[in-house]
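Quick caveat, the model's predicted, so the values are computed rather than measured.
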Amino acid sequence: DRYGRRTLLLASCAIMAGGAALAGFMLSSANTPDVAEWVSAACSVLGVCTFYLGYAIGIGPVPWVLISEIFENRLRARALAYLSALNLWANGLLCVAAMYLINLFAGCEIDAAVVDDNGAPQHPYEECTEGRREHGAGLLLISFAGFICLTALFVHTWVIETKGLTLEQLERQYSSRRHRLLSRSSSCCCANTAGLSASVSEDDIARPLLGADSEIPPGASERTPTC
């Protein structure tokens, strides 16, 4: 309530993207002559800690607050249940897919097992060494940083500030926003049928409401715009 939801989300995205990018670049450049091993290890740990710091101040807790605020009273409980289940399934899917994504970014077989850098693979598919997997993990973290930037763009474009507003005020605000969006689509529809609506007078539109005895010109219903 002190800093605002949007501010916390945008700051969280910036910190998380920076931490993921730092850890990703350090891991992808590990075991290279340009970067010392201790520098790569220290910066990787620092990047991961920064990532979790950013997650804790915004992306972690704030969406649950927004979910409880942006839905109407009659939809709030159902929306919380559906979105909680979606979040759990998405997290589980990402945890399962992480190993395969690392292998993919490392250029290994997608189901390759891990062997030590000095060890010989026991099976033909076990060709992914620790060094290659570090490189793959770094590229995966860099891709995470890119998705976090897209999240920040979404927050900046679509998420409205709810600081200091009651649930009733929020419901009116979102209702008015939906009304504006519907009005905008309706105006687009009317613009697309401008050639038809220009030939329909107010009397032609109101005449069907006067009763069955009113005279309706032929073709008037065909000329009435659908919007």
Exercise. State the CZ-CE distance between Phe51 and Met16, to the nearest 0.5 angstrom.
Key: 3.5 Å
Quiz item: Atom CD in Glu161, atom CG in Leu66: separation rounded to 0.5 Å?
Solution: 8.5 Å
Quiz prompt | Gap between atom CZ of Phe144 and atom CD1 of Ile148 - 0.5 Å precision | solution = 8.5 Å
Quiz item: salt bridge (charged side-chain N to carboxylate O under 4.0 Å, His left out) with Arg78: which residues, sequence neighbours excluded?
Solution: none
Quiz item: In Å and rounded to the nearest 0.5 Å, what is the SG to NE2 distance from Cys13 to His156?
Solution: 12.5 Å
Exercise. Establish whether Leu10 and Trp158 are linked, either directly or via other cluster members, by ILVMFWY side-chain heavy-atom contacts under 4.5 Å.
Key: yes
Exercise. Spell out, yes or no, whether Val159 and Leu150 are grouped together once hydrophobic residues are joined by side-chain heavy atoms under 4.5 Å, including indirect joins.
Key: no
Quiz item: Picking from Leu9, Val62, Ile15, what satisfies side chain to side chain contact (heavy atoms under 4.5 Å, CB included) with Ile57?
Solution: Ile15
Exercise. Indicate yes or no for a side-chain donor-acceptor contact from Thr157 to the backbone of Phe154 under 3.5 Å, with no hydrogens or angles considered.
Key: no
Please list every donor-acceptor pair under 3.5 Å in which a side-chain atom of residues 43-50 meets a protein atom from a residue at least two apart or in another chain.
residue	atom	partner	partner atom	Å
Ser44	OG	Ser40	O	2.7
Thr50	OG1	Leu46	O	2.7

Exercise. Quick one: closest heavy-atom pair of Gly58 and Pro63, and the distance?
Key: O-CD, 3.4 Å
Practice problem: Give, for atom CZ of Arg133 and atom CG of Leu27, the distance between the pair rounded to the nearest 0.5 Å. | Solution: 12.0 Å
Exercise. Kindly state each residue pair satisfying side chain to side chain donor-acceptor pair (under 3.5 Å) with at least one member in residues 5-25, sequence neighbours excluded.
Key: Asp1-Arg5, Arg5-Glu69, Arg5-Thr162
Self-check item: Any donor-acceptor N/O pair, Asn91 side chain to Asn87 backbone, under 3.5 Å
Solution: yes
Quiz prompt | Reported CG-to-CG distance for the pair Leu101 and Leu94, which is rounded to 0.5 angstrom | solution = 7.5 Å
Self-check item: Which atom of Ala21 lies closest to which atom of Ala145, heavy atoms considered
Solution: N-CB, 4.0 Å
Exercise. Is it possible for you to say whether Val65 and Ile67 belong to one hydrophobic cluster, with membership spreading through side-chain heavy-atom contacts below 4.5 Å?
Key: no
Quiz item: Quick one: are Leu141 and Phe105 in side-chain contact, heavy atoms under 4.5 Å?
Solution: no
Exercise. Examine distances only and state if a side-chain atom of His135 and a backbone atom of Ser28 form a donor-acceptor pair shorter than 3.5 Å.
Key: yes
